[in-house]
**Student:** 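Could you have a look at this structure, given as structure tokens, before my questions?
We name chains A, B, ... by the order of the sequence lines, and we start the count at 1 in each one. From a predicted model like this one, the values you see are computed outputs, not experimental measurements.
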Number of protein chains: 2
Amino acid sequence: MREVAALAGVSLKTVSRVVNRESGVSADVVTRVERAVAQLGYRHNLAASNLRRGHGKTAMVGALLQDVSNSFSSSLLRSLEDEARDRDVVIVASSLDEEPERERALVEGLVRRRVDGLLLMPATDRHDYLADDLRSGLPIVFVDRSPNGIDTDSVTIDNARGSRLAVYHLVAHGHRRIAFLGDLPTIQTARTRHEGFEAAMRARHLPIDPSMTITSLRSPEDAEAAVRRLLASDEPPTAIFAARNSLAVGTIRALHRLGKAGEIALVGFDDFPLADIVDPPLTVIRQNVGAIGAEVAQRLFARIDGDTSPPRHVVLAPELVERGSGEIRP
Amino acid sequence: MREVAALAGVSLKTVSRVVNRESGVSADVVTRVERAVAQLGYRHNLAASNLRRGHGKTAMVGALLQDVSNSFSSSLLRSLEDEARDRDVVIVASSLDEEPERERALVEGLVRRRVDGLLLMPATDRHDYLADDLRSGLPIVFVDRSPNGIDTDSVTIDNARGSRLAVYHLVAHGHRRIAFLGDLPTIQTARTRHEGFEAAMRARHLPIDPSMTITSLRSPEDAEAAVRRLLASDEPPTAIFAARNSLAVGTIRALHRLGKAGEIALVGFDDFPLADIVDPPLTVIRQNVGAIGAEVAQRLFARIDGDTSPPRHVVLAPELVERGSGEIRP
DNA sequence: TCACCCTTTGACAACGATGTCACGATCACG
DNA sequence: CGTGATCGTGACATCGTTGTCAAAGGGTGA
């Protein structure tokens with residue numbers, strides 16, 4: 001900037017005026033400065049500018065998601081981006097991989113960078129560690145999982161309801177032996193889906209067979225192996241409820257490879273782009289990712305814009321989409 | 001920081017020392033300062049720190065991708081993140097949506113934020129506008145598409161080869177009437193795939209029927225509509241080459257809804273997570289996204305670490321994966 | 001005991017930018 | 001032609017940090 005000022009024969013402040021398109025600079029000076037800027041390849045330094053301006057806005061928000069390469073996370077990211085785009089806000093995106101340590105480290109890093117807000121799909125169980133930042137005015141919106149130990153905005157879905165829909169649907173199609181495939185019980189959503197499953201089974205007066213309730217499955221491969229074991233047992237299930245999209249994928253693979261694709265009923269939790277063209281088309285509990293993302297983005301930016309109303313907890317209802325795999329009879 | 005210093009009864013510089021874990025501070029002072037930090041909820045300001053340190057490193061890199069919610073882009077993002085994670089570097093991710101204007105605006109924004117490097121899957125045709133930044137030392141690595149007008153690192157795949165593989169494969173299975181579905185010809189990869197398709201057809205002495213060469217398809221819905229039109233014609237194709245994953249998805253949907261899923265051969269370009277369990281399993285030209293991502297990340301960080309060797313242009317070879325849909329005979 | 005060294009700490013300027021305020025020049029007006 | 005208002009510009013301090021250098025205090029060896 002100093003060099004630009006020298007080359008244009010003006011003061012630093014005047015360069016600043018031109019760069020910020022402030023009014024009250026003569027046309028002649030503007031062109032001289034702009035020429036100097038172009039000639040020297042000068043680039044305005046936003047960090048320094050923000051520092052001086054003091055208000056602190058960096059026009060950056062953080063998005064801490066489960067895994068940016070997972071379709072649910074990346075759709076949320078995209079929704080947030082669409083909203084951010086209008087405001088010239090950029091997004092720092094990271095994957096937590098369900099690792100609490102990583103969450104804490106990343107939050108720390110983003111706070112040090114003074115992001116204007118945080119979208120969090122937490123990997124931790126308790127969130128008191130965020131209390132200070134929250135109090136000091138950092139907007140944080142939880143998505144997919146609720147805050148615990150602090151009170152802040154959240155957008156989640158009713159996971160128990162989703163599980164209930166799945167179970168009742170399978171029961172209505174004549175199933176009694178329903179297997180449950182779930183993720184790590186340390187993950188809030190996975191736990192709630194599991195509890196919802198058992199509650200629904202009890203509500204329908206069906207026994208819960210521990211050997212058919214498999215949790216801590218992390219990948220399609222885990223699910224595939226689990227399904228192979230299930231179907232090799234003496235009394236295999238007639239239906240499977242896969243409580244996460246990647247587990248449904250693994251289940252489909254297993255059924256295909258065992259040649260039982262049309263025989264065992266399957267309901268997945270979470271829709272995904274191709275669920276309608278797999279074989280058989282997959283019946284799923286759908287959460288409307290677009291609606292979740294839009295709600296989250298709106299909340300976050302409202303807070304950034306100064307909304308100080310009490311935290312809001314939005315719970316969206318998932319719905320069951322019949323496509324075929326869930327309507328197979330025993 | 002001033003308040004922390006006052007509360008701990010030390011100077012600013014000493015607080016700085018403690019915060020940066022510099023040696024040569026007595027244990028007593030360290031604990032006093034740390035207590036003050038905790039009590040006041042003080043957060044180190046990275047922007048100010050970077051400003052003063054002058055070296056300019058912000059520990060941020062930008063990733064400008066086609067669409068972060070698309071599986072190819074998000075896998076690349078994830079690969080980059082895995083490498084960045086080790087170095088405590090965060091990623092600013094954005095979608096360009098094939099809009100040149102957006103690319104320029106985002107690059108501008110990231111340069112103003114002084115990112116340490118840029119991963120770019122460009123939406124623009126010419127990239128001279130980056131020359132200044134490149135010259136001033138900003139590492140830029142192109143992915144999926146080559147730089148034009150500047151010389152900088154790139155990691156791409158041999159798209160023409162991919163198209164050739166597809167055509168030869170279909171021809172070997174007895175097809176002569178092969179339809180081509182492609183994206184906007186303004187997109188470099190789409191253009192190259194199209195050219196590769198026509199070159200391969202000529203090499204096999206097959207006529208290129210303009211009515212069966214459809215480009216500018218942007219979404220699965222576009223592809224679906226195109227396939228419906230194709231199959232409604234007097235002389236429908238016996239095979240389809242869908243030169244992008246979302247177009248293959250639309251094609252599969254169309255074939256399903258028309259009840260021709262097992263009759264028309266189909267080869268897609270780009271693999272995707274569920275291609276093996278759709279019906280029939282999809283034969284694709286696969287690009288190894290993991291390898292691309294790893295290569296890109298390595299290049300970018302090598303440059304950031306000061307590698308000044310001449311720009312390298314890595315071209316990876318795609319391969320054909322037989323799964324069923326491409327082996328259907330006319 | 002004295003000169004010298006090492007350890008620990010602080011004062012100060014500077015990183016790149018901008019808000020504040022003051023200054024000189026131009027202008028309109030009576 | 002004097003006066004006050006308006007316009008364009010610049011000097012300076014400051015945002016939150018840290019590199020540099022110097023000083024205070026204690027320890028060591030001759």
**Student:** Side-chain contact test, heavy atoms from C-beta onward, threshold under 4.5 Å: evaluate it for I292(B) versus F72(B) and give yes or no.
**Tutor:**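 A side-chain contact exists here, since the closest heavy-atom pair is under 4.5 Å.
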**Student:** Write down the distance between CZ (R113(B)) and C1' (dA17(C)), rounded to a whole number of angstrom.
**Tutor:**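 In whole Å, dA17(C) C1' lies 16 Å from R113(B) CZ.
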**Student:** Does R2(B) reach the side chain of Y42(B), with side-chain heavy atoms less than 4.5 Å apart?
**Tutor:**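 Side-chain contact under 4.5 Å: no.
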**Student:** Whole Å only: how far is the NZ atom of K57(A) from the P atom of dT18(C)?
**Tutor:**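 Rounded to the whole Å, the gap is 18 Å.
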**Student:** Quick one: does V61(B)'s side chain get under 4.5 Å of L119(B)'s, heavy atoms only?
**Tutor:**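 No; the side chains remain at least 4.5 Å from each other.
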**Student:** For the helix from dT1(C)-dA30(D) to dG30(C)-dC1(D), figure out the bend between the end axes, five pairs an end, and round to 10 degrees.
**Tutor:**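 The value is 40°.
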**Student:** To the nearest Å, give me how far apart CD (E22(B)) and P (dT7(C)) are.
**Tutor:**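 Going from CD in E22(B) over to P in dT7(C) covers 15 Å.
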**Student:** Can you sort out the partners of L184(B) under side-chain contact (heavy atoms from CB on, under 4.5 Å), two or more places apart, ordered by chain and number?
**Tutor:**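 Partners of L184(B) by the side-chain contact (heavy atoms from CB on, under 4.5 Å) criterion, ordered by chain and then number, come out as T186(B), I187(B), S216(B), R218(B).
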**Student:** Measure CG/N20(B) against C1'/dT20(D) and give the value in whole Å, please.
**Tutor:**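 Computing the N20(B):CG to dT20(D):C1' distance gives 16 Å.
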**Student:** Looking at residues at least two apart in the chain, or sitting in another chain, which of them share a side-chain hydrogen bond (donor to acceptor under 3.5 Å, both in side chains) with E108(B)?
**Tutor:**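 side-chain hydrogen bond (donor to acceptor under 3.5 Å, both in side chains) list for E108(B), sorted by chain: R43(A), R112(B).
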**Student:** To the nearest angstrom, how far is E3(A) atom CD from dA17(C) atom C1'?
**Tutor:**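 Distance check: E3(A) CD to dA17(C) C1' gives 15 Å.
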**Student:** For D307(A), check salt bridge (charged side-chain N to carboxylate O under 4.0 Å, His left out) against everything at least two apart and list the hits.
**Tutor:**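 With sequence neighbours excluded, D307(A) shows a salt bridge (charged side-chain N to carboxylate O under 4.0 Å, His left out) to R299(A), R303(A), given in chain and number order.
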**Student:** About how many Å separate CZ of F301(B) and CZ of R87(B), when rounded to the nearest 0.5 Å?
**Tutor:**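 Answer for the CZ-CZ pair, R87(B) versus F301(B), is 5.5 Å.
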**Student:** side-chain hydrogen bond (donor to acceptor under 3.5 Å, both in side chains): which pairs involve residues 68-77 of chain B, sequence neighbours left out?
**Tutor:**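 Passing the test, one end in residues 68-77 of chain B: D67(B)-S69(B).
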**Student:** Does the protein touch nucleotides 9-16 of chain C at the base, only the backbone, or not at all? Give it as B, S and - per nucleotide, heavy atoms under 4.0 Å.
**Tutor:** BBB-BBBB
